[in-house]
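Shown next, in structure tokens, is the structure this report addresses.
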Amino acid sequence: MKQALENLVAQALAKLQDSGELRPDLAVEIQIERTRDRRHGDFACNIALVLARQAGKKPRELAERITAALPAAPAIARVEVAGPGFINFHLAPEAYHQVARDILEAGEAYGRSTLGHGRRVQVEFVSANPTGPLHVGHGRGAAYGAAVANLLVAVGYQVHREYYVNDAGRQMDILAVSLWLRYLQRCGEQLPFPANGYQGQYVIDIATALYELHGERLRRPAHEVASGLPSDEPDGGDKERHIDALIERTRTLLGEADYRLVFDFGLQAILDDIREDLEEFGVVYEEWYSERSLVERGLVRRAIERLKQGGYLYERDGAWWFRSTQFGDEKDRVVIRDNGQATYFAHDIAYHMDKMERGFERVIDIWGADHHGYVPRIKAALAALGDDPQRLDVLLVQFASLWRGGQKIPMSTRAGQFVTLRELRREVGNDAARFFYVMRKCEQHMDFDLDLAKSQTSDNPVYYIQYAHARICSVMRQLAEKGLTWNQEQGLAHLRQLVEPHEQELLMTLSRYPEVIESAALAHEPHQLAHYLRELAHAFHTYYNAHPFIVEHAALRDARLALVLATRQVLANGLRILGVSAPETM
RNA sequence: GCGCCCGUAGCUCAGUUGGAUAGAGCGUUGGCCUCCGGAGCCAAAGGUCAGAGGUUCGAAUCCUCUCGGGCGCGCCA
């Protein structure tokens with residue numbers, strides 16, 4: 001429709017140029033937009049405002065001239081000039097009837113497009129350290145990333161969802177040590193637990209499983225573990241030095257093979273838990289990408305070598321630095337520590353180098369907003385490697401705070417006091433969690449109201465939308481109970497029966513769906529879809545209250561049911577993209 | 001101190017490639033079920049778009065400054 005109107009305006013402009021009323025060299029993109037206010041018609045064009053200066057005419061006068069030159073079209077009921085010089089198009093009721101037909105014929109495919117031309121896009125999201133269960137902050141990244149990926153699929157991209165597993169590095173060593181200490185305690189050894197260790201109950205549970213599998217084979221006497229270590233924080237020492245020494249001691253006492261065994265046992269247990277958690281949440285990946293494999297395959301070494309070859313590295317204080325300031329970063333960054341170990345950043349450079357080499361045309365990283373300072377250095381690294389940093393989009397997701405009974409729930413990872421994603425899902429359900437997480441713009445701080453998410457009333461937008469879907473299913477059940485059936489062919493043949501304002505409104509809303517999908521996908525903003533679905537549900541509920549569908553008059557009945565079933569289809573399509581179910585009964 | 005994000009109705013938030021009288025939900029107030037699910041609908045009240053300048057036909061939207069909030073500034077990951 002937009003395209004058709006654009007053509008009409010183009011024809012009108014050409015006509016005015018031919019007759020000499022307008023200069024032939026005017027070159028402006030014609031924009032047709034949905035009106036915000038129903039009284040301004042269905043579509044509006046601001047061309048007269050844009051061209052007024054160039055044309056040397058007043059906007060309203062120019063708009064009148066363009067309007068007069070517009071060719072007639074059956075889809076347009078009337079055209080008028082309004083406000084400062086907008087050209088408003090009021091469509092004929094028939095113009096929208098086609099929408100219902102399109103939807104019923106396309107079914108699940110309605111709203112999809114080929115905009116992406118099958119181009120390959122990678123979306124990396126969540127990627128939480130496998131040192132503990134996912135918490136509610138990760139949940140938002142999961143729901144958001146999954147929705148963005150689904151949207152990109154809907155507009156024709158080939159999407160590769162990936163989870164970067166941080167299975168190397170000090171945090172994992174700390175987990176391994178925490179696990180072993182809990183195991184030793186399980187064996188009956190009396191040992192203090194380090195301040196910097198992972199305190200959670202889940203570590204104790206994994207330690208029990210380790211004990212059940214290996215018995216006391218990995219047991220070492222407490223005095224051998226603890227003797228001669230620098231003191232821990234509660235004893236006036238430095239907790240970082242203490243835990244580092246403890247890691248070394250663990251390695252020595254267990255030997256490399258058994259250390260690796262404990263390490264991997266913890267890693268696998270937590271990774272399995274995360275994977276299961278996400279699957280239950282409806283979030284699945286094409287690939288789980290191991291950080292350790294980057295090192296083992298020599299990618300880190302190669303990335304460093306490339307930077308060195310390019311002259312982007314220099315040595316200072318025994319460490320190797322990347323000249324990221326050359327690409328706009330605030331300061332240069334260490335890639336090889338003075339102890340010879342590569343930094344996390346070096347691994348990440350290799351990872352992003354690999355993403356580019358795998359041939360993704362666009363790479364999307366979804367990070368917690370607290371990592372925003374990290375963006376310039378990663379882009380700098382890509383530039384130094386000779387890749388185009390523009391191919392990488394980093395989307396930052398703000399944290400969500402939970403509210404219950406009007407009170408903010410305090411959370412701190414440090415104190416081991418955080419609500420897990422699993423707890424949240426159990427409390428409010430997957431559907432409410434998925435929807436609430438994507439209801440807000442991702443860079444917006446979000447207050448997640450648990451009471452609202454749980455409430456089964458119209459206050460709750462998830463139920464409101466799902467209810468619209470269930471209600472339509474219920475209508476169809478009623479129809480069957482009355483011994484009637486819906487005749488699709490008859491319904492589509494009699495769409496012109498749909499003349500009520502409520503029907504026009506609903507059809508108009510339905511026709512916007514493909515535009516919403518496209519816009520939400522390109523902007524990476526699933527909240528646009530969430531808001532749209534609420535509007536659509538509202539248009540339906542209003543219609544439902546105003547007019548009965550199961551009427552005597554068969555042609556009208558079939559037409560109304562066609563409209564209602566088209567609505568159900570769009571509700572289902574949209575909810576699916578957001579990862580929310582479309583139930584037949586509530 | 002420097003950098004990034006944010007500030008819109010009592011509350012939670014939409015609206016920013018510059019468009020018409022700034023919207024929605026909740027909450028508040030008042031209406032609507034012999035009728036397809038009232039888990040719904042209709043209506044009213046509610047605004048200095050944090051503040052001050054600037055850019056122009058036009059600014060919540062772009063620029064500058066100020067105020068207020070969040071986050072980041074490791075040879076951690």
Side-chain angles (χ1 to χ4, degrees), chain A residues 29 31 33 35-37 39-40 44 46 49-50 52-53 58-59 82-86 88 127-129 131 166 168-172 174 240 291 316-321 329-331 333-348 368-376 396 398-399 401 403 406 439-441 443-449 452 455-464 466-468 470-479 481-482 502 525 527-528 530-532 534-535 537-538 540-551 557 560-561 564 585-586:
Chain A
E29 199 186 340
Q31 287 188 344
E33 285 178 342
T35 56
R36 211 178 278 183
D37 189 326
R39 283 164 298 185
H40 298 142
N46 66 350
L49 293 157
V50 177
R53 175 172 293 195
K58 289 180 183 167
F86 289 101
N88 291 339
S127 299
N129 279 344
T131 52
N166 299 116
R170 182 162 169 269
Q171 295 306 317
M172 284 307 298
I174 294 176
E240 304 291 347
E291 178 184 4
R316 195 180 76 201
D317 303 332
W320 283 89
W321 297 69
D329 196 8
E330 292 174 348
K331 48 178 289 193
R333 311 289 174 175
V334 170
V335 286
I336 306 288
R337 288 196 278 262
D338 57 7
N339 66 8
Q341 287 203 321
T343 58
Y344 173 84
F345 178 46
H347 290 191
D348 225 9
D370 53 336
H371 287 73
H372 67 77
Y374 200 75
V375 179
L396 301 170
Q398 289 284 355
F399 290 131
S401 19
W403 291 69
M439 211 163 49
R440 305 293 176 224
K441 263 191 312 206
E443 68 264 33
Q444 192 73 250
H445 292 101
M446 179 177 117
D447 287 337
F448 194 124
D449 186 336
L452 180 61
S455 86
Q456 309 212 339
T457 68
S458 61
D459 309 358
N460 186 339
V462 188
Y463 282 89
Y464 184 80
Q466 289 182 319
Y467 178 46
R471 211 173 201 186
I472 295 168
C473 294
S474 172
V475 168
M476 296 312 284
R477 286 191 294 270
Q478 277 294 324
L479 185 75
E481 277 175 30
K482 292 185 177 176
H502 285 113
E525 292 185 345
H527 78 271
Q528 289 187 30
H531 284 275
Y532 168 83
R534 204 192 184 287
E535 276 180 60
H538 179 249
F540 168 74
H541 285 308
T542 299
Y543 178 37
Y544 180 95
N545 266 65
H547 301 284
F549 311 145
I550 304 175
V551 292
R557 183 176 69 231
R560 285 186 171 170
L561 290 174
V564 159
T585 59
M586 298 299 284

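Only this structure's heavy atoms are used, side chains among them; waters, hydrogens and symmetry mates stay out. Source: prediction; values computed, not measured. Labels below follow one simple rule: chain letters A, B, ... track the order of the sequence lines, proteins then strands, and each chain is numbered from 1.
Side chain A:Asn46 to base B:rA20: no donor-acceptor pair is found below 3.5 Å.
Scored by the side chain to side chain donor-acceptor pair (under 3.5 Å) test, A:Asn545 finds no partners at all (sequence neighbours excluded). For A:Phe448, the ring pair (Phe, Tyr, Trp, His ring centres under 6.0 Å) partners at least two apart in sequence or on another chain are A:Phe436, A:Tyr437. With sequence neighbours excluded, no residue satisfies salt bridge (Lys or Arg N to Asp or Glu O under 4.0 Å) with A:Glu330. Looking at residues two or more places apart in sequence or on another chain, you find no side chain to side chain donor-acceptor pair (under 3.5 Å) involving A:Tyr344. By the salt bridge (Lys or Arg N to Asp or Glu O under 4.0 Å) test, A:Asp329 pairs with A:Arg333, sequence neighbours left out. In this structure, the side chain to side chain donor-acceptor pair (under 3.5 Å) partners of A:Glu525, at least two apart in sequence or on a different chain, are A:Gln528. Remark: A:Glu240 pairs with A:Arg170 by the salt bridge (Lys or Arg N to Asp or Glu O under 4.0 Å) rule, at least two apart or across chains. In this structure A:His40 satisfies the side chain to side chain donor-acceptor pair (under 3.5 Å) test with no other residue, sequence neighbours excluded. Legend: residues meeting side chain to side chain contact (heavy atoms under 4.5 Å, CB included) with A:Asn129, ordered by chain and number and at least two apart, are A:Thr131, A:Asn166, A:Gln171.
B:rC49 and B:rC11 have their P atoms separated by 16 Å, given to the nearest Å. Spacing of P atoms, B:rU29 relative to B:rU64, comes out at 46 Å, to the nearest Å. As rounded to the nearest Å, B:rU34 and B:rG30 have C1' atoms that lie 24 Å from one another. Separating the P atom of B:rA24 from that of B:rC41 is a span of 14 Å, rounded to the nearest Å. Using atom C1' as the reference point in both B:rG68 and B:rC76, the two lie 32 Å apart (nearest Å). Remark: the separation of the C1' atoms in B:rU16 and B:rA60 is 8 Å, to the nearest Å. Taking atom C1' on both B:rG25 and B:rG46, the two are 14 Å apart, rounded to the nearest angstrom. Rounded to whole Å, the separation between the P atoms of B:rC63 and B:rU21 comes to 24 Å.
At a threshold of 4.0 angstrom between heavy atoms, the contacts of A:Ser474 include nucleobase atoms, whether or not backbone atoms are also involved. At a threshold of 4.0 angstrom between heavy atoms, the contacts of A:Thr585 include nucleobase atoms, whether or not backbone atoms are also involved. Contacts of A:His547 with the nucleic acid, taken as non-hydrogen atoms under 4.0 Å apart, include base atoms. A:Ala546 comes within contact range of no nucleotide atom at all, as no heavy-atom separation falls under 4.0 Å. Within 4.0 Å (heavy atoms only), A:Asp329 reaches no atom of the nucleic acid at all. Nucleic acid contact for A:Glu481: none, since no nucleic acid atom lies under 4.0 Å from a heavy atom of the residue.
As rounded to whole Å, 16 Å separates atom C1' of B:rC33 from atom NE2 of A:His541. Per the geometry, CZ belonging to A:Phe399 stands 20 Å off P belonging to B:rC4, to the nearest Å. If you take CG of A:Leu396 and P of B:rG3, they are 18 Å apart, rounded to a whole angstrom. Atom CZ of A:Phe549 and atom P of B:rC41 are 12 Å apart (whole Å). At whole-Å resolution of the value, OH in A:Tyr544 and C1' in B:rC32 are 14 Å apart. A:Gln398 places its CD atom 11 Å from the P atom of B:rG7, with the value rounded to the nearest Å. Following rounding to the nearest Å, A:Asp449 (CG) and B:rG27 (C1') show an atom-to-atom distance of 12 Å.
If you find the closest nucleotide of RNA chain B to A:Thr35 and to A:His502, the one lying nearer the 5' end belongs to A:Thr35. Summary of the strand contacts: A:Leu479 and A:His40 both lie near RNA chain B, and taking for each the nucleotide with the nearest heavy atom, the more 5' one is attributed to A:His40.
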Within the sub-3.5 Å range, which N or O atoms of nucleotides 10-14 of chain B have a protein N or O partner, and how far apart are they?
from   : atom 1 : to       : atom 2 : distance (Å)
B:rU12 : O2'    : A:Arg440 : NH2    : 2.9
B:rC13 : OP1    : A:His445 : O      : 3.2
B:rC13 : OP1    : A:Asp447 : N      : 3.2
B:rC13 : O2'    : A:Arg440 : NH1    : 2.7
B:rA14 : OP1    : A:Lys441 : N      : 2.9
B:rA14 : OP2    : A:Gln444 : NE2    : 3.0

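Taking a pair as Watson-Crick or G-U with both hydrogen-bonding distances under 3.5 Å, the stems of three or more pairs touching RNA chain B are B:1-7 with B:67-73, B:10-13 with B:23-26, B:28-32 with B:40-44, B:50-54 with B:62-66.
Aromatic ring orientation, A:Tyr464 versus A:His538: parallel (interplanar angle below 30°, classes split at 30° and 60°).
Contact annotation: A:Tyr464 side-chain N/O to B:rC41 OP1/OP2 distance is under 4.0 Å.
Expressed to the nearest 0.5 Å, how far OG of A:Ser127 lies from CD of A:Glu291 amounts to 10.5 Å. The CG atom of A:Asp348 sits 4.0 Å away from atom OH of A:Tyr374, with the distance rounded to the nearest 0.5 Å. Atom CD1 of A:Ile472 and atom CZ of A:Arg477 lie 11.5 Å apart (nearest 0.5 Å).
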Quiz item: Going through the checks in order, is the side-chain contact (heavy atoms from CB on, under 4.5 Å) test met by A:Asp447 and A:Arg440?
Solution: CA-CA 9 Å; A:Asp447 287 337; A:Arg440 305 293 176 224; over 6 Å; no

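With its glycosidic angle more than 90° from 0, B:rC49 is assigned anti.
Lacking a ring centre under 5.5 Å from that of the base six-membered ring together with a plane angle below 30°, A:Phe86 does not count as stacked on B:rG19.
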Practice problem: Sugar-phosphate atoms are those with a prime plus P, OP1 and OP2; base atoms are the rest. Using that split, label each nucleotide of nucleotides 72-77 of chain B B, S or - for protein heavy atoms under 4.0 Å, 5' to 3'. | Solution: SSSBSB

